[in-house]
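Heads up: the structure comes next, in structure tokens.
Throughout, a chain's letter reflects where its sequence line sits, starting with A, and its residues are numbered from 1.
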Protein chains: 2
Amino acid sequence: MKPTIYDVAQAAGVSIATVSKVINATGRISDKTRKHVHSVMEQLKYQPSMVAAALTGKSTYTIGLTLPDLANPFFAEIARSVEDRGHEHGFSVFICNTDNDPDKEVKYLSLLSQKRVDGIISATRIQNDQFLKKLIQQNIPIALITGEMPTLAVDTVMVDDYLGGFQAGNHLVELGHKRIAILVEDMDNMSNRERIRGCKQALCQAGLDVEERLIATGGFSVESGQQAMSQLFKLEDRPSAVFACNDLLAIGAIRAARVAGMQLPSELSVVGFDNTILATLIDPPLTTIAQPIQEIGRRAVDLLVQEIKGEKVLKQRVVLLPELVLRNSSASYSD
Amino acid sequence: MKPTIYDVAQAAGVSIATVSKVINATGRISDKTRKHVHSVMEQLKYQPSMVAAALTGKSTYTIGLTLPDLANPFFAEIARSVEDRGHEHGFSVFICNTDNDPDKEVKYLSLLSQKRVDGIISATRIQNDQFLKKLIQQNIPIALITGEMPTLAVDTVMVDDYLGGFQAGNHLVELGHKRIAILVEDMDNMSNRERIRGCKQALCQAGLDVEERLIATGGFSVESGQQAMSQLFKLEDRPSAVFACNDLLAIGAIRAARVAGMQLPSELSVVGFDNTILATLIDPPLTTIAQPIQEIGRRAVDLLVQEIKGEKVLKQRVVLLPELVLRNSSASYSD
DNA sequence: CTGAAAGCGCTAACAC
DNA sequence: GTGTTAGCGCTTTCAG
């Protein structure tokens with residue numbers, strides 16, 4: 001059995017209260033006993049039980065992170081940054097792959113609640129009122145990453161999707177494109193709708209009219225992007241550029257173009273969104289709208305931890321600005 | 001405050017023992033009281049505290065997963081499969097990014113121990129005796145993924161690196177290559193050494209001699225692969241093929257070839273290792289040695305859970321076999 | 001079938 | 001400075 005505080009107390013010839021005090025550096029303990037107790041703990045390889053401590057009212061120093069799929073590089077990078085920052089604050093993080101399945105989300109929530117996590121960061125893209133409301137009801141600190149809930153007062157860190165979409169559209173317009181397609185993951189999703197709205201706005205300002213036919217729905221995969229794009233190529237009047245709402249879709253578009261025997265970027269310009277590692281790896285390197293992934297994770301954790309520690313009452317929505325990253329998948333065009 | 005078992009007992013007009021029994025479906029409880037208690041729990045939105053339960057001797061249903069870097073797609077996929085399988089068994093997983101830093105590893109270990117995780121899966125590639133020994137001393141179930149420790153009796157799930165290396169080398173040999181380079185991440189690492197040994201063996205069998213000059217050390221990044229490969233291109237007698245010990249390095253090699261103005265795969269064949277999602281995304285699609293990532297995570301969790309539940313005493317080393325996945329980055333060659 | 005009571009390992013007053 | 005003691009929320013004998 002693991003040694004307990006009693007074992008340490010006995011071996012050190014002091015009371016458990018004293019041991020507890022030296023563990024937590026609380027109360028007043030003479031230097032001598034402190035050192036002595038420390039050495040005994042060392043000797044016994046004593047590891048204070050955080051679960052017992054948590055039961056006493058301390059927090060568990062654990063947060064939950066729900067996301068659709070860790071195998072998706074975007075979310076993996078989010079997870080990495082959340083874990084990093086969490087660890088800096090002394091928090092461990094539970095990961096939960098929800099696959100955007102509302103049932104799984106609810107189950108994870110319940111589980112996290114039973115494990116008494118101190119807070120939850122949700123990076124799911126789904127609009128799940130039920131999920132969130134439960135959370136809020138339980139009065140457990142929560143922070144949203146990626147996509148706000150306009151009707152809920154909850155800490156949120158997000159990127160300005162509208163601006164990102166605008167930057168993408170504007171970039172394409174400036175390059176001289178007239179027929180610009182859009183590949184979207186899922187219109188149920190507010191972030192995506194905003195990205196599209198932004199993009200459309202850029203086209204409008206340029207006097208281009210947006211044809212709904214040029215907006216295709218894919219998903220969060222390369223395959224779906226490829227398929228959607230190849231459909232678009234069947235139109236009599238092919239688009240010369242496409243804005244894809246995530247890098248995966250953008251890669252699919254590139255692949256569809258290749259399959260159709262087109263040259264990139266001369267015959268098709270593509271702009272992605274997210275700026276995951278994939279954007280740099282692909283050929284041609286992908287022009288994309290960069291989300292400040294590190295910063296998103298970091299800020300979300302900071303917000304959450306502040307709330308956990310009760311240092312903050314004001315909920316807030318932090319909107320970070322995206323940036324256009326120029327690479328080689330987009331080029332000027334004239335016809 | 002969250003409702004406790006007492007609240008439920010009181011509201012239901014029974015004792016806490018009874019409530020406990022219906023929660024855990026233990027002992028004998030009349031149908032009537034069971035249903036009644038359930039409805040009360042519902043009413044109160046009661047969530048049993050797993051931390052209190054854990055204190056009583058039950059396990060925490062939590063495992064820790066240490067890995068170098070979640071942002072690396074290979075480890076992200078590992079993490080995804082571990083979490084999936086863990087969740088199926090009812091376990092939550094703590095992620096720990098160690099960056100292969102021995103200090104961080106030791107600290108995480110201590111933390112996990114204090115949080116009383118039921119077991120640990122380590123996917124770090126470093127040979128850290130200290131780390132593992134501590135773990136074993138503490139008698140906490142552990143399973144290794146990715147790289148065995150020959151001198152330690154610990155559950156391990158790994159791929160046959162030697163065979164993988166052989167498959168890669170053999171493939172290249174069969175394509176007619178004579179000058180085959182190797183890009184390795186790090187020679188301190190047993191897995192990598194085995195991959196190289198396997199590859200060399202294939203070359204030897206074909207009567208080719210392996211020039212040490214053609215073996216270059218990179219790291220776990222595209223940049224390092226690119227750099228290492230471009231060094232190799234400076235040789236008077238360029239290699240016509242390269243085996244890279246991971247997909248990231250392979251992508252670096254591809255990029256270096258592009259920068260050097262070479263055609264792929266006609267002027268350079270490249271074979272990777274891992275078969276991460278990247279292999280399918282890159283252009284040309286990467287021929288690579290596939291690790292059964294899903295299966296590795298799954299088996300490791302199964303082993304660990306068995307040990308946690310005390311259903312197993314025999315430690316074992318499971319060696320899964322890699323497979324050559326043919327894509328378009330390798331082609332036959334003759335000079 | 002159901003309940004009383006003794007812990008699990010630790011913290012936090014409150015005494016001494 | 002240090003020790004005593006009463007919980008934290010739950011599980012688990014052991015009676016009834």
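- Atom CD1 of A/I16 and atom C1' of D/dT4 are 9 Å apart (whole Å).
- Atom CD1 of A/I29 and atom P of D/dG3 are 8 Å apart (whole Å).
- A heavy atom lying under 4.0 Å from DNA chain D marks none of the residues of residues 34-43 of chain B.
- B/R116 has its CZ atom 20 Å from the P atom of D/dC10, to the nearest Å.
- Remark on DNA chain C: of its neighbouring residues B/T33 and B/A52, the 5'-side contact belongs to B/T33, judged by nearest-heavy-atom nucleotide.
- Distance from the side chain of B/S49 is smallest to D/dG9 among D/dG9, D/dC8, D/dT2.
- B/Q47 has its CD atom 15 Å from the C1' atom of D/dC10, to the nearest Å.
- Judged by closest nucleotide on DNA chain C, B/G27 is the one of A/V19 and B/G27 placed further toward the 5' end.
- A/P292 is listed as a side-chain neighbour of A/L320, based on a closest heavy-atom distance under 4.5 Å.
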> Stepwise, does the salt bridge (charged side-chain N to carboxylate O under 4.0 Å, His left out) test hold for A/D103 with A/K107?
Replying inline: CA-CA 6 Å; A/D103 283 352; A/K107 280 187 190 141; 5.6 Å; no
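- Contact annotation: side chain of B/Y6 to base of D/dC10, donor-acceptor pair present below 3.5 Å.
- A straight line from NZ of B/K58 to P of D/dC10 spans 11 Å, rounded to a whole angstrom.
- Looking at B/T56, its side chain does come within 3.5 Å of a backbone N or O of B/A52 through a donor-acceptor pair.
- Rounded to the nearest 0.5 angstrom, B/F220 CZ and B/D99 CG are separated by 12.5 Å.
- Heavy atoms of B/S20 sit under 4.0 angstrom from at least one base atom.
- Comparing D/dC10, D/dT2, D/dC8 by their nearest atom to the side chain of A/L55 picks out D/dC8.
- Between the CD1 atom of B/I5 and the C1' atom of D/dT12 there is a distance of 12 Å, rounded to whole Å.
- Of the listed nucleotides (D/dT13, D/dG7, D/dT11), D/dT11 has the atom at the smallest distance from the side chain of B/A53.
- With a heavy-atom cut-off of 4.0 Å to chain B, the contacted part of DNA chain C has its first and last nucleotide at C/dC1 to C/dG9.
- At a cut-off of 3.5 Å, with distance as the only test, a side-chain donor of B/K2 or A/S113 sits close to an acceptor on the other residue.
- At a cut-off of 3.5 angstrom, the base of D/dG1 holds no donor-acceptor pair with the side chain of A/K32.
- Residue A/V14 is classed as a sugar-phosphate contact, given heavy-atom separations below 4.0 Å to backbone atoms only.
- Judged by distance alone, the side chain of B/D118 and the main-chain N or O of B/I63 form no donor-acceptor pair under 3.5 Å.
- Residues A/R80 and B/D69 are in side-chain contact: their nearest non-hydrogen atoms beyond the backbone lie under 4.5 Å apart.
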>> Walk me through whether A/R299 and A/D302 qualify under salt bridge (charged side-chain N to carboxylate O under 4.0 Å, His left out).
In response: CA-CA 5 Å; A/R299 295 288 282 271; A/D302 288 351; 5.8 Å; no
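- Atom OH of A/Y61 is separated from atom CD1 of A/I308 by 9.5 Å, given to the nearest 0.5 angstrom.
- Residue order along DNA chain D, read from the 5' end via each residue's closest nucleotide, puts A/T56 first among A/T56 and B/I23.
- Residues forming a ring-ring contact (aromatic ring centres under 6.0 Å, His included) with A/Y46 (at least two apart in sequence, or on another chain): none.
- Counting to the nearest Å, the C1' atom of D/dG9 and the CD atom of A/Q114 are 13 Å from each other.
- Atom NZ of B/K21 is separated from atom P of D/dT12 by 10 Å (rounded to the nearest Å).
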